[in-house]
2 protein chains.
Amino acid sequence: MTEPTDDQLAKLGAAFETFARRYKLAESAGPERPLNELDKQTLLFVANHPGCGPTDVARFLGVATTTVSSATDRLAKRGLLARDRVEGDRRAVALRLTGDGETLVAELTAAYRAMYRMMLSRLSPTERDAFVGMITKIVYHED
Amino acid sequence: MTEPTDDQLAKLGAAFETFARRYKLAESAGPERPLNELDKQTLLFVANHPGCGPTDVARFLGVATTTVSSATDRLAKRGLLARDRVEGDRRAVALRLTGDGETLVAELTAAYRAMYRMMLSRLSPTERDAFVGMITKIVYHED
DNA sequence: GGAGATATGACGAAGATCGTACTATTCAAT
DNA sequence: ATTGAATAGTACGATCTTCGTCATATCTCC
């Protein structure tokens with residue numbers, strides 16, 4: 001298989017850099033004090049894995065368990081996350097979103113969706129499928 | 001223009017999330033204590049804009065000037081960055097990489113390039129041009 | 001000259017991450 | 001049954017980062 005050209009690599013790098021810089025500050029609507037990135041990712045993971053424990057979150061996000069403990073503290077103090085005792089194992093806690101947490105996750109998800117929609121809207125309908133297919137291939141292809 | 005489909009948005013979102021998580025921890029080679037993200041971005045910007053000032057860096061990266069001041073302090077202490085007085089304006093400083101800084105930037109750039117190369121290598125040569133073209137269109141198209 | 005703008009840094013407050021240590025509980029193997 | 005190791009979670013403190021406020025020096029423009 002031929003190698004990617006230098007020109008391709010340079011253009012891809014430039015696009016990624018600009019992308020990362022531009023879509024960093026892209027949110028403001030919501031609570032008075034915005035959530036930091038770890039807290040948002042924690043909320044999103046719990047939304048997709050209700051009943052999971054802090055250790056699951058830590059493993060998934062690649063951070064220390066104590067860091068997740070701090071995050072769940074913050075989120076619980078804000079009333080976005082609930083820590084239930086689980087009956088099968090009295091050491092464990094089951095993480096779960098509160099109503100406010102669900103609302104916030106819905107807003108977050110909507111914001112991401114809007115960003116993705118804007119990105120894809122710059123491509124033609126034919127290109128969209130091609131782009132999504134290629135980025136999927138890049139991300140999920142295992143070597 | 002038709003809208004992106006929900007399926008397209010969902011797949012794009014899943015790919016982005018996985019991408020961001022996977023390519024976060026992708027570096028370790030180099031100095032004993034790794035640079036944080038701001039310091040790396042500062043170095044890269046200075047490499048591309050020799051003689052620029054801290055204010056330029058702050059504006060480009062979207063952070064407070066005092067934050068850049070801290071970053072240049074750290075980088076100067078490590079011998080990666082030099083702060084020269086400039087003759088035209090005696091308030092200003094001109095940022096410039098040292099030899100070690102150049103070396104580190106070269107390593108960083110090579111690491112990024114390797115990552116981009118691996119990504120593009122998962123596409124066919126024909127797809128590569130299409131992908132780079134589309135992501136460029138997404139990033140640089142102004143609404 | 002002098003008012004206001006600009007470039008930069010010093011300093012301290014607030015927050016985030018993480019290593020260490022600790023408690024409580026479960027598991028495993030005798 | 002007992003006990004030693006493993007596991008789930010957290011409290012605490014150290015360290016680092018970011019940023020707001022303030023101070024200083026310099027420049028610009030009248």
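Chain A is the first sequence line, chain B the second, and so forth, proteins listed ahead of strands; every chain is numbered from 1.
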Value in whole Å for how far the C1' atom of C:dG9 lies from CZ of B:Arg74: 14 Å
5' precedence on DNA chain C between A:Ala71 and B:Gly53 (nearest-nucleotide basis): B:Gly53
Sugar-phosphate, base or nothing in reach of A:Thr55, heavy atoms under 4.0 Å: sugar-phosphate
Carboxylate-amine/guanidinium proximity below 4.0 Å for B:Arg113 and A:Asp6: yes
Spacing of B:Arg59 atom CZ relative to C:dT8 atom P, expressed in whole Å: 10 Å
SB check A:Asp129 B:Lys11 (cutoff 4.0 Å): no
Sugar-phosphate only, base, or nothing, as touched by A:Val68 at under 4.0 Å among non-hydrogen atoms: nothing
B:Arg83 side chain, from C-beta outward: closest of C:dG9, C:dT8, D:dT17: C:dG9
Rounded distance in Å - CZ (A:Arg90) to C1' (C:dT26): 11 Å
Side-chain donor/acceptor contact of A:Arg91 with base of D:dT7 under 3.5 Å: yes
Given DNA chain D, 5'-ward residue of the pair A:Asp73 and A:Asp89, judged by closest heavy atom: A:Asp89
Rounded distance in Å - CG (B:Asp39) to C1' (D:dT15): 15 Å
Minimum heavy-atom distance between A:Arg122 and B:His141, given as atom pair plus value: CZ-O, 3.4 Å
Transitive ILVMFWY side-chain link B:Tyr140 to A:Leu9, under 4.5 Å: yes
Spacing of B:Gln41 atom CD relative to D:dT18 atom P, expressed in whole Å: 12 Å
Length of the CG-C1' vector between B:Leu95 and C:dG9, whole Å: 13 Å
Interatomic distance, B:Leu75 CG vs D:dT18 P [rounded to whole Å]: 11 Å
Nearest to side-chain heavy atoms of B:Ser70, which nucleotide of D:dC19, C:dG9, C:dA16: D:dC19
Value in whole Å for how far the P atom of D:dT18 lies from CG of B:Leu35: 12 Å
A:Thr66 vs D:dT10: side-chain N/O to OP1/OP2 distance below 4.0 Å: no
Contact under 4.0 Å: B:Ser69 side-chain N or O vs C:dG9 OP1/OP2: yes
Ring centres under 6.0 angstrom apart (A:Phe16, B:Tyr112): no
Sugar-phosphate only, base, or nothing, as touched by B:Arg85 at under 4.0 Å among non-hydrogen atoms: nothing
Nearest-neighbour nucleotide for the A:Asn36 side chain, D:dG9, C:dG9, C:dT17 considered: C:dT17
